[in-house]
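Please read these numbers as outputs of a predicted model, since none were measured by experiment. The basis for the numbers below is simple: all heavy atoms, side chains too, and nothing from hydrogens, waters or symmetry mates.
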Amino acid sequence: MAISVAAEPPVRPTTARAPDLCQAALRAMVIWPRLDRRALARCGCDSARIASYVSRRTRMPTRSIETLLNRS
C-alpha cells in the first residue's frame, strides 16, 4: 500500500520589514558587516549620516568613510 503526500514549502507569514537599503548603506554593510540594519535605514540615503553612524563604531574619520561609501 503506497501513501502519497504532497510536500509544499512552508508558507511564512509576511511581516513588516525594514525598507530596502540604498547603495551607500549596502556598501557599508559589506565593508562593516556587524552594523545595525535598522540604524542604517534610519540614516536614509544620506552618505554623510551613514558615515557619522559608522565613525562612532570604527576609528576611521568620517570623510574617509564617506569616500568609501560614495566610490562606485
Side-chain angles (χ1 to χ4, degrees):
M1 177 175 205
I3 299 175
S4 67
V5 177
E8 294 181 17
V11 177
R12 296 183 183 189
T14 57
T15 59
R17 294 181 59 170
D20 293 332
L21 297 174
C22 63
Q23 284 297 107
L26 289 174
R27 193 170 288 126
M29 288 290 292
V30 169
I31 298 170
W32 300 280
R34 298 189 72 189
L35 292 177
D36 184 22
R37 189 176 177 95
R38 285 186 181 165
L40 282 174
R42 274 186 250 122
C43 292
C45 287
D46 186 10
S47 59
R49 288 177 63 190
I50 294 171
S52 174
Y53 167 68
V54 172
S55 71
R56 284 182 254 145
R57 283 147 180 77
T58 65
R59 301 186 109 200
M60 290 180 70
T62 306
R63 285 188 93 180
S64 300
I65 295 168
E66 199 169 347
T67 302
L68 283 172
L69 296 178
N70 292 331
R71 186 174 282 172
S72 56

Item to check | Residues that Ser52 engages under side-chain contact (heavy atoms from CB on, under 4.5 Å), provided they are two or more places apart | outcome: Arg56

Item to check | Contacts of type side-chain contact (heavy atoms from CB on, under 4.5 Å), residue Thr67, not counting sequence neighbours | outcome: Arg71

Checklist entry - To the nearest 0.5 Å, how far apart are OG in Ser47 and CG in Asn70? => result 4.0 Å

Item to check | Closest non-hydrogen atom pair, Gly44 against Cys22 | outcome: O-SG, 3.9 Å

Item to check | Shortest non-hydrogen contact from Ala51 toward Glu66 | outcome: CB-N, 3.9 Å

Checklist outcome for this item: Separation between OG1 (Thr58) and CD1 (Ile65), nearest 0.5 Å, reads 4.0 Å

Item to check | Partner residues of Met29 under the side-chain contact (heavy atoms from CB on, under 4.5 Å) criterion, sequence neighbours left out | outcome: Leu21, Leu35, Leu40

Checklist entry - Is any side-chain heavy atom of Asp36 closer than 4.5 Å to a side-chain heavy atom of Arg57? => result no

Item to check | Arg27 vs Ile50 side-chain heavy atoms within contact, under 4.5 Å | outcome: no

